[in-house]
Amino acid sequence: MSLPKDFLWGFATASYQIEGSVDVDGRGASIWDTFSAIPGKIADGSSGAVACDSYKRTDEDISLLKSLGANSYRFSIAWSRIIPLGGRNDPINQAGIDHYVKFVDDLLEAGIQPFITLFHWDLPDGLDKRYGGLLNREEFPLDFEHYARVLFKAIPKCQHWITFNEPWCSSILGYNTGYFAPGHTSDRSKSAVGDSAREPWTVGHNILIAHGLAVKAYREDFKPTQGGEIGITLNGDATLPWDPEDPADVEACDRKIEFAISWFADPIYFGHYPESMRKQLGDRLPTFTPEEVALIKGSNDFYGMNHYTANYIKHKKTPPPDDDFLGNLETLFYNKAGDCIGPETQSFWLRPHAQGFRDLLNWLSKRYGYPKIYVTENGTSLKDENDMPLEQIVNDDFRVKYFDDYVNALAKASAEDGVNVQAYLAWSLLDNYEWAEGFQTRFGVTYVDYVNNQKRYPKKSAKSLKPLFDSLIKKD
Ligand code: PNW
């Protein structure tokens with residue numbers, strides 16, 4: 001028995017990936033509606049217009065969670081359902097608020113703790129059009145704070161708030177590679193607008209300010225009466241040196257994590273960006289004013305960790321180009337000795353390597369003083385799952401093994417390494433809209449039949465988590 005008695009576990013999703021009903025109850029457009037409509041941006045040309053139809057199937061989804069034994073559920077709120085145009089002087093949409101208030105009531109009624117993500121990438125398109133969305137240092141943080149306040153007030157029963165999901169993805173994939181909405185990049189064959197060398201660092205900075213404002217608002221005006229907690233969720237992969245004998249590869253392993261995670265976590269825990277980033281990026285990386293430091297430093301009640309995979313890291317000897325965001329290194333699946341990091345999945349960036357999870361939990365705990373960690377996402381896709389017959393899909397032994405290996409690595413980090421982990425949310429409850437990969441890549445523990453009325457079929461992995469956690473969580 002190696003996980004704490006009150007350990008929370010369950011599943012995670014995000015609004016645009018599961019809800020559908022994009023024109024229902026007064027919802028405004030988000031940047032993902034706009035981006036999905038551009039030919040060539042999404043692998044199968046799809047959008048989240050219907051997705052899992054979860055907006056209309058909250059009862060069914062809650063029953064599913066209950067039947068799987070989950071005591072927690074992480075979901076995100078679509079900002080443009082709450083404030084269709086997004087801004088602090090724009091009209092508020094009561095129908096959108098009512099939907100989520102009822103959903104939270106129903107979850108609690110079923111004995112399931114809600115973890116609410118305020119921002120899982122579906123920015124109101126109105127804000128992108130009005131002032132450049134996340135690029136705007138003055139307007140965006142204030143609009144986010146206002147939106148957050150509306151929800152803190154409307155949903156006092158929620159005890160776990162996450163401000164931003166994976167700001168690395170919003171910044172790098174949204175403003176450097178252009179792989180995600182709003183698709184900015186310096187590559188003019190992909191986008192008419194964008195500056196890959198500068199915009200991502202501006203966006204990251206603005207997200208940190210917005211996070212800080214929302215946390216301050218919660219702590220000052222809501223936490224005293226509601227008693228909940230608030231933090232940010234960061235994504236990052238584990239790193240192993242391509243050549244363990246080469247100190248430059250070993251150093252590059254830390255630098256890779258700093259460029260991915262410490263970019264956001266160092267300001268939150270220390271009040272400044274990592275030295276390695278300042279050195280490489282120079283004045284392209286914004287600096288914090290003393291007021292900004294006061295706002296951001298110490299702004300996590302918990303550390304939200306999304307984690308999926310690991311890479312071998314090989315340092316580069318030539319100076320980095322201006323659009324480099326990795327820290328001047330290569331990420332590889334094979335090391336110098338020819339070992340492979342893990343088996344292939346449907347996601348080009350994901351290969352299971354559970355020891356990396358334990359190592360990264362230790363790395364983060366040491367650097368940030370053993371904070372309380374909530375694992376807010378962890379999971380895998382399966383190579384060619386979308387092309388398999390249903391009988392084979394529901395026997396997803398590969399995913400069962402992934403969860404078994406990763407949750408056991410987590411339990412060891414908790415029991416043997418002193419890592420303070422208190423929650424685990426598997427990604428994902430349902431197969432869903434996997435962003436630029438569309439519906440071809442499935443991450444769900446539940447199969448969703450998109451051509452037959454979004455019927456749900458729990459896979460073997462869905463049922464494997466309850467016995468796994470029962471065997472690991474201390475009884476008293
Ligand atoms: C996370 N990458 O995203 C997100 O939070 C989820 O919405 C998503 O469905 C899930 O992981 C699975 O992809 C990521 O390219 C998307 O490295 C892409 C990457 C990493 C994380």
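Order of appearance sets the numbers: ligands from 1, and atoms from 1 within every ligand. Along the sequence shown, residues are numbered consecutively beginning with 1.
With a 4.0 Å cut-off on non-hydrogen atoms, Y179 does not touch ligand 1 at all. Neither the backbone nor the side chain of N432 comes within 4.0 Å of ligand 1, counting heavy atoms alone.
Checking side-chain atoms of R188 against main-chain N and O of G194 turns up a donor-acceptor pair under 3.5 Å. Counting only distance, with no hydrogens or angles, the side chain of N378 and the backbone of H307 share a donor-acceptor pair below 3.5 Å.
Atom 9 (O) of ligand 1 has its closest protein heavy atom at E434 OE1, 2.7 Å.
Using the six-membered ring where Trp is involved, W427 and H120 have ring planes that are parallel, under 30° apart on the 30 and 60° scheme. The aromatic rings of F140 and F119 lie perpendicular to each other, with more than 60° between the two planes, well past the 30° mark.
Polar contact check, E377 against ligand 1: a nitrogen or oxygen pair lies under 3.5 Å apart. At least one N or O atom of W435, backbone or side chain, sits closer than 3.5 Å to an N or O atom of ligand 1.
Comparing Y16, F348, W349 against atom 17 (O) of ligand 1, the shortest heavy-atom distance belongs to W349. Across W121, F180, W427, Y308, heavy-atom proximity to atom 11 (O) of ligand 1 is greatest for Y308. Counting only non-hydrogen atoms, the option in Q17, E166, E437 that gets closest to atom 3 (O) of ligand 1 is E166.
At least one cation-pi condition fails for R399 and F443: the charged atom is not both under 6.0 angstrom from the six-membered ring centre and inside a 45 degree cone around its axis. Remark: R351 is positioned above the aromatic ring of F333, its terminal NZ or CZ atom under 6.0 angstrom from the ring centre and at most 45 degrees off the axis.
Counting atoms of ligand 1 from 1 in the listed order, those under 4.0 Å from a heavy atom of H120 are 4 (C), 5 (O), 6 (C), 7 (O). In summary, the atoms of ligand 1 found under 4.0 Å from a heavy atom of N165, numbered by their order in the structure, are 5 (O). Close approach to F443 involves these atoms of ligand 1, each under 4.0 Å from a residue heavy atom: 12 (C), 13 (O).
Taking the centre of each ring, Y374 and Y303 stay at or above the 6.0 Å mark. Separation of the Y147 and W79 ring centroids falls under the 6.0 Å cut-off.
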